[in-house]
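Below: the structure, in structure tokens.
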Amino acid sequence: MDLGRVQQLDEYRWTVPLAPGETRAPVLLYGSAPLLASMDDKVLEQAVNVAKLPGLVKASMTMPDAHWGYGFPIGGVAAFDPAAGGIVSAGGVGFDISCGVRCLRSDLSLTDIAPHLELLANALFHAIPAGVGEEGRLKLAPAQIDEVLADGAHWALRHGYGVPEDLDYVEENGRMAGAVPANVSELAKKRQRGEMGTLGSGNHYLEVQVVDRIHDAETAAAFGLREGQILVSIHCGSRGLGHQIGTEYLVTLAKAASRLGIALPDRELACAPIRSPEGQQYLGAMNAGINVALANRQILAHLTREVFARVLPGSRLETLFDVSHNTCKPERHRVDGRDALLYVHRKGATRAFGPGHPSLPERYRAVGQPVIIGGSMGTGSYVLAGTAESEQEAFSSASHGAGRAMSRHQALKQWRGRELIDELAGRGILIRTASLRGAAEEAPGAYKDVDLVAEATERAGLARRVAFLRPKVCVKG
DNA sequence: ATGTTC
């Protein structure tokens with residue numbers, strides 16, 4: 001991004017000079033100068049476009065890991081007021097509805113798993129279906145798909161995947177309200193029949209990690225984290241079903257925008273008022289998509305436990321937390337001293353409720369919601385905690401990952417999957433992947449520096465760092 | 001991200 005086009009407010013906040021009336025609200029970009037400089041100019045254009053949409057509240061925001069997305073930037077946060085003509089947009093949620101991370105904490109130390117690392121990597125790769133179109137052991141009948149769409153992780157639990165305590169540590173307690181299975185097409189449901197309990201491809205992964213560094217001892221203790229401890233993070237979403245919902249509703253919402261005379265600065269911003277039939281229809285389908293992702297991560301957590309039980313008998317894996325990155329959720333926020341129900345789009349951004357939020361489980365209520373910033377393949381990840389300041393800043397939102405620094409196409413020209421995997425193995429990080437091409441696209445060098453993203457996230461007040469995690473095994477889609 | 005160029 002050309003820093004000449006933006007105006008710096010302080011070390012980690014930037015805005016864009018705009019003509020009067022050019023947008024409905026300002027643009028607010030979070031991040032350090034080097035992070036912003038590494039972003040495509042398209043991020044800026046997209047953030048400005050979002051600021052032109054009806055009913056936007058406060059500002060069109062981007063997190064420190066932002067990059068160019070479909071319509072809305074990835075790493076974008078935008079809240080809309082339904083009472084002021086506010087809209088909902090499929091491009092503002094993302095195609096992989098409720099893509100997110102389930103993080104499990106073990107009672108193991110690095111010394112416990114070190115002798116079994118190869119075995120663990122192979123067993124996980126064998127047990128976790130990964131790759132484009134890959135299916136699992138579970139094949140759902142059409143009626144069962146509707147149950148998953150309505151009940152999310154609760155469905156998975158009823159069918160023997162996981163333990164009840166898991167749900168205390170999943171957003172929405174594992175079941176998103178407002179799901180309308182009837183709003184999801186038969187084709188979307190059909191695509192998902194064999195894809196429950198699968199990882200998918202692209203940036204999705206299952207990683208075995210070690211807690212390498214504690215930043216905040218008190219919060220780490222509340223999260224049950226200690227140095228040397230083994231964690232497992234599972235990054236995936238709603239697979240073919242979510243993608244199908246996004247594809248179909250893009251058309252529905254574009255027609256609605258046209259019918260209602262909503263001016264779209266970019267056709268990728270197809271949207272409809274929250275208080276319109278099409279807006280409500282999309283929200284019902286999207287909520288169902290969220291439930292598929294929550295169920296998917298619940299099943300994958302169970303499959304992971306089965307592998308650990310075999311390779312490391314007697315070990316325990318508890319859910320630390322499960323965060324969603326691609327959602328539009330109705331939430332109450334204070335704006336200009338007034339309490340308002342807003343629809344918050346977070347696309348490649350994590351909800352990050354601060355201390356005391358009533359939706360947080362008792363165990364974390366005093367310290368804030370766990371936030372997980374998943375790094376690129378083989379680099380490292382962060383656990384952070386939500387802050388009170390983030391509510392004032394960004395509707396309680398924070399970064400979700402390292403964020404791409406270059407396109408997949410560019411990455412393919414620069415790296416070879418086999419060489420990357422060999423190099424990482426030399427550094428004690430075992431990669432198991434369904435696609436060497438996919439591994440090249442996911443080269444660590446194609447991403448921003450996760451340390452800089454986590455630091456900027458903390459300095460901007462969006463969340464505070466709790467622990468740094470170093471990868472040991474990574475199963476890639 | 002994606003039955004990756006339906």
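Quick note on labels: first sequence line is chain A, next is B, and so on, each numbered from 1.
Ring centroids of Phe468(A) and Tyr382(A) are separated by less than 6.0 Å, placing the two rings close together. The six-membered or imidazole ring of Phe223(A) lies away from that of Phe321(A), with a centre-to-centre distance of 6.0 Å or more.
Between His400(A) and His67(A), the angle of the ring planes stays under 30°, which puts this pair in the parallel group of the 30/60° scheme.
Between Val132(A) and Arg408(A), the one whose closest nucleotide on DNA chain B sits nearer the 5' end is Arg408(A). Comparing Glu441(A) and Phe95(A) against DNA chain B, the residue whose closest nucleotide sits nearer the 5' end is Phe95(A).
At distances below 3.5 Å, not a single donor-acceptor pair connects side-chain atoms of Lys52(A) with backbone N or O atoms of Arg24(A). Lys476(A) places no side-chain N or O within donor-acceptor distance of the main-chain N or O of Gly438(A), the cut-off being under 3.5 Å. Between the side chain of Gln144(A) and the main chain of Ala141(A), a donor-acceptor pair closer than 3.5 Å is present.
One atom, CZ of Arg437(A), and another, C1' of dT4(B), lie 7 Å apart when rounded to the nearest Å. Whole-Å rounding puts the Leu436(A) CG to dT4(B) P distance at 19 Å. The nearest whole Å value for the distance from the NE2 atom in His409(A) to the C1' atom in dT5(B) is 14 Å. The CG atom of Leu187(A) sits 15 Å away from the P atom of dT2(B) (whole-angstrom rounding). Atom CG of Asp96(A) and atom C1' of dT4(B) are 14 Å apart (whole Å). The distance between atom NZ of Lys190(A) and atom C1' of dT2(B), rounded to the nearest whole Å, is 16 Å.
Residue-level contact check: Gly200(A) touches the backbone only, with heavy atoms under 4.0 Å from sugar-phosphate atoms and none from bases. At the heavy-atom level, Glu195(A) lies under 4.0 Å from the strands shown only through sugar-phosphate atoms. Nucleic acid contact for Leu199(A): none, since no nucleic acid atom lies under 4.0 Å from a heavy atom of the residue.
Near DNA chain B, meaning a heavy atom under 4.0 Å from it, residues 372-380 of chain A has no residue at all.
Between Arg239(A) and the phosphate of dT2(B), there is a side-chain N or O to OP1/OP2 separation shorter than 4.0 Å. Distances shorter than 4.0 Å separate none of the side-chain N or O atoms of Ser201(A) from OP1 or OP2 on dT4(B).
Ionic pairing of Glu331(A) and Arg351(A) is not present here: no N-O contact between side-chain nitrogen and carboxylate oxygen is shorter than 4.0 angstrom.
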